[in-house]
Colleague: 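A single structure is presented below for examination.
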Amino acid sequence: MFPILSRKVKGKDLVYFDNAATAQKPQQVIDALTSYYTGYNANIHRGLHTLADEATAAFEATRQAVCAFIGAAYPEEIIFTKGTTESINLVAQSWGSAFLKEGDEIIISSLEHHANIVPWQMIAETKGAKLRVIPIDDNGVLDMQAYKNMLNSKTKMVAVVHVSNALGVINPVEEIIHLAHAQGAHVLIDGAQSSVHLDIDVQSLDCEFFVFSGHKVYGPTGTGILYGKKSLLEAMPPYQGGGEMIKEVTFEKTTYNELPFKFEAGTPNIADFIALKSAIDFIKDTGKDSIRAHENMLLGYATEKLRAFKDVRIIGDVFEKVSVISFVVEGVHPQDLAILLDNQGIAVRTGHHCAQPLMQRLCIVGTTRISFAAYNTIQEIDAFMEALKKSLNMLR
Ligand code: PMP
């Protein structure tokens, strides 16, 4: 089902534990790409020929599928972007340029990926707004009292990660959203890590924006989602100008297209978005609940095995987390460990995980992170533990 998983690395069976960076793709996603290019490659919308009609229908079917996947009310609330990063930049630039004023405040958390820090810093600098950061404890748990104290009438946006990519910790987003709304602030949830593991219902969450990347939900790279509440998206100016996002252009004045096209200038990533529907179908057909149960079983098993290693310290060792384990080993640099593991066919991620401020807060240079997906197995965890033992013996 996942063809890549049968390959060898350095002569060993591949063990792929870097799923939080990107997930592998099921055959049906690869097939969808091939059948688009071999069967109906054409530019979408405005075409008056069969191939264009077929491509447009398949592309828009993905929008419907994403809408249902995250429980949005209307398909036009689903904007296609390059990825989580572009979705956040779009909101920061478009919403921020229209609605932020000098002295306004934006709240983020200490757990954020750089993609949910830098775009806010950029617009805050342009607008003279202030960025505030919710602190965490040593396990990566948000200090909710500090958050409550931070909220005030100047708070205009709260942008927080649903699940930390570096630690796997799940944030209490329902409460975060509720408290923000009580102050009249909008909320953006970075769902890059949560959308593949947790059930998402943006209507019951009631967040203004929810963003994620297709490549982390078993879909192609170059596909990103921005969900936004319709009334807000309608009030926001376009992010980029060009074809598709216009209604009428004259040299004197341009009127803009309706949602979602207002935010989709130029030819989009047609093939990859068409294939994204196959990825969503894979998750739906397998069942998010059964994927989550399987991943939790792997998480529990691996956590227990890792605890048996003396000198290994799990960071973010909390109950509310997804199948991500980040750890440090006393006296061992994560990079050295990754290289030794790769020599044994095991793919892990090491370093700061694009969360340098979090690493600074935790007083570490980085971690070794293993993360599990639907296709991982107990046998792979056993192979990993053996390889870890061997590697640590070599490093000492
Ligand atoms: N936020 C989080 C929590 C992430 O894990 C990632 C990807 N590592 C991003 C944002 C950025 O996603 P992308 O690189 O797909 O735009």
Side-chain angles (χ1 to χ4, degrees), residues 16-25 29 66 70 79-93 108-122 133-134 136 140 142 157-173 176 187-198 200 207 209-227 239 263 268-269 272-273 275-276 279 295 315-316 320-326 347-359 361 366-373:
Y16 186 78
F17 281 174
D18 195 17
N19 295 287
T22 199
Q24 298 302 345
K25 318 306 173 200
V29 169
V66 171
I70 60 169
I79 312 293
F80 288 158
T81 66
K82 278 198 317 230
T84 304
T85 303
E86 192 179 43
S87 297
I88 299 172
N89 276 281
L90 191 163
V91 176
Q93 287 302 320
I108 60 170
S109 86
S110 304
L111 290 164
E112 301 311 317
H113 187 283
H114 296 161
N116 201 30
I117 302 174
V118 186
W120 299 114
Q121 284 176 329
M122 289 162 64
V133 185
I134 310 169
I136 48 167
L142 288 184
M157 174 64 77
V158 176
V160 290
V161 72
H162 196 172
V163 167
S164 154
N165 65 306
L167 308 181
V169 172
I170 303 173
N171 282 332
V173 287
I176 290 171
V187 181
L188 177 142
I189 301 294
D190 174 354
Q193 296 294 331
S194 62
S195 45
V196 70
H197 299 292
L198 310 178
I200 306 296
C207 52
F209 302 104
F210 186 94
V211 298
F212 67 103
S213 297
H215 69 95
K216 293 187 202 270
V217 295
Y218 306 101
T221 50
T223 57
I225 304 300
L226 161 63
Y227 158 80
Y239 174 54
F263 291 107
N269 187 355
D272 291 310
F273 274 110
L276 178 60
E295 289 171 346
I315 315 280
E320 289 292 338
K321 70 183 294 194
V322 301
S323 53
V324 170
I325 308 178
S326 224
V348 303
R349 177 102 355 198
T350 54
H352 55 62
H353 312 295
C354 293
Q356 285 181 353
L358 173 61
M359 298 298 126
R361 160 63 184 83
T367 72
T368 301
R369 182 186 74 188
I370 55 176
S371 49
F372 310 126

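Remember, it's 1-based here, ligands and their atoms both numbered in the order they're listed.
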Colleague: Would you mind listing which atoms of ligand 1 come within a distance below 4.0 Å of any non-hydrogen atom of Ser213?
Modeller: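 Numbered from 1, ligand 1 contributes 12 (O), 13 (P), 15 (O), 16 (O).
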Colleague: Exactly one of Thr84, Asp272, Thr22, Thr223 should register a side chain to side chain donor-acceptor pair (under 3.5 Å) with His215. Which one does?
Modeller: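 The passing option is Thr22.
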Colleague: Could you tell me if the ring centre of Phe17 sits under 6.0 Å from that of Phe372?
Modeller: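 Ring-ring flag for Phe17/Phe372: true, centres closer than 6.0 Å.
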Colleague: In ligand 1, which numbered atoms sit nearer than 4.0 Å to a non-hydrogen atom of Thr85?
Modeller: 11 (C), 12 (O), 13 (P), 14 (O), 16 (O)
Colleague: Tell me, please: is Glu86 in heavy-atom contact with ligand 1, that is, under 4.0 Å?
Modeller: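 The answer is no, since Glu86 has no heavy atom less than 4.0 Å from ligand 1.
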Colleague: Kindly state whether the ring of Phe263 and the ring of Tyr239 have centres lying under 6.0 angstrom apart.
Modeller: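 Between Tyr239 and Phe263, which both carry aromatic rings, the centre distance is not below 6.0 Å.
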Colleague: Just need the protein heavy atom nearest to atom 8 (N) of ligand 1, so name the residue and atom and give the distance.
Modeller: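 So the nearest neighbour among protein heavy atoms is Lys216 NZ, 2.8 Å.
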Colleague: Answer with yes or no whether Val161 contacts ligand 1, where contact means a heavy atom under 4.0 Å from a ligand atom.
Modeller: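 So Val161 counts as touching ligand 1.
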Colleague: For ligand 1, indicate whether the residue Asp190 contacts it via side chain, backbone, both or neither (heavy-atom separation under 4.0 Å).
Modeller: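 Just the side chain.
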Colleague: With heavy-atom distances below 4.0 Å as the criterion, list the atoms of ligand 1 near Thr84.
Modeller: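 What qualifies from ligand 1 is 10 (C), 11 (C), 12 (O), 16 (O).
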Colleague: Where is the nearest protein heavy atom to atom 5 (O) of ligand 1: which residue, which atom, and how far?
Modeller: Gln193 NE2, 2.7 Å
Colleague: Which atoms form the tightest heavy-atom contact between His162 and Leu198, and what is the distance?
Modeller: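 So the two residues come closest at NE2-CD1, 3.8 Å.
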Colleague: Give the atoms of ligand 1, by number and element, whose distance to some non-hydrogen atom of His215 is under 4.0 Å.
Modeller: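 Counting from 1, the qualifying ligand atoms are 15 (O).
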Colleague: Tell me the contacting part of Glu112 for ligand 1: side chain, backbone, both, or neither, using a 4.0 Å heavy-atom threshold, strictly below.
Modeller: neither
Colleague: Give the minimum heavy-atom separation between Ile117 and Pro357, together with the two atoms involved.
Modeller: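 Shortest heavy-atom contact: CD1-CG, 3.8 Å.
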Colleague: Identify the residue among Val158, Asp190, Val133, Ile134 that makes a side-chain contact (heavy atoms from CB on, under 4.5 Å) with Ser109.
Modeller: Ile134
Colleague: In this structure, which one of Arg349, His352, His353 forms a side chain to side chain donor-acceptor pair (under 3.5 Å) with Thr367?
Modeller: His353
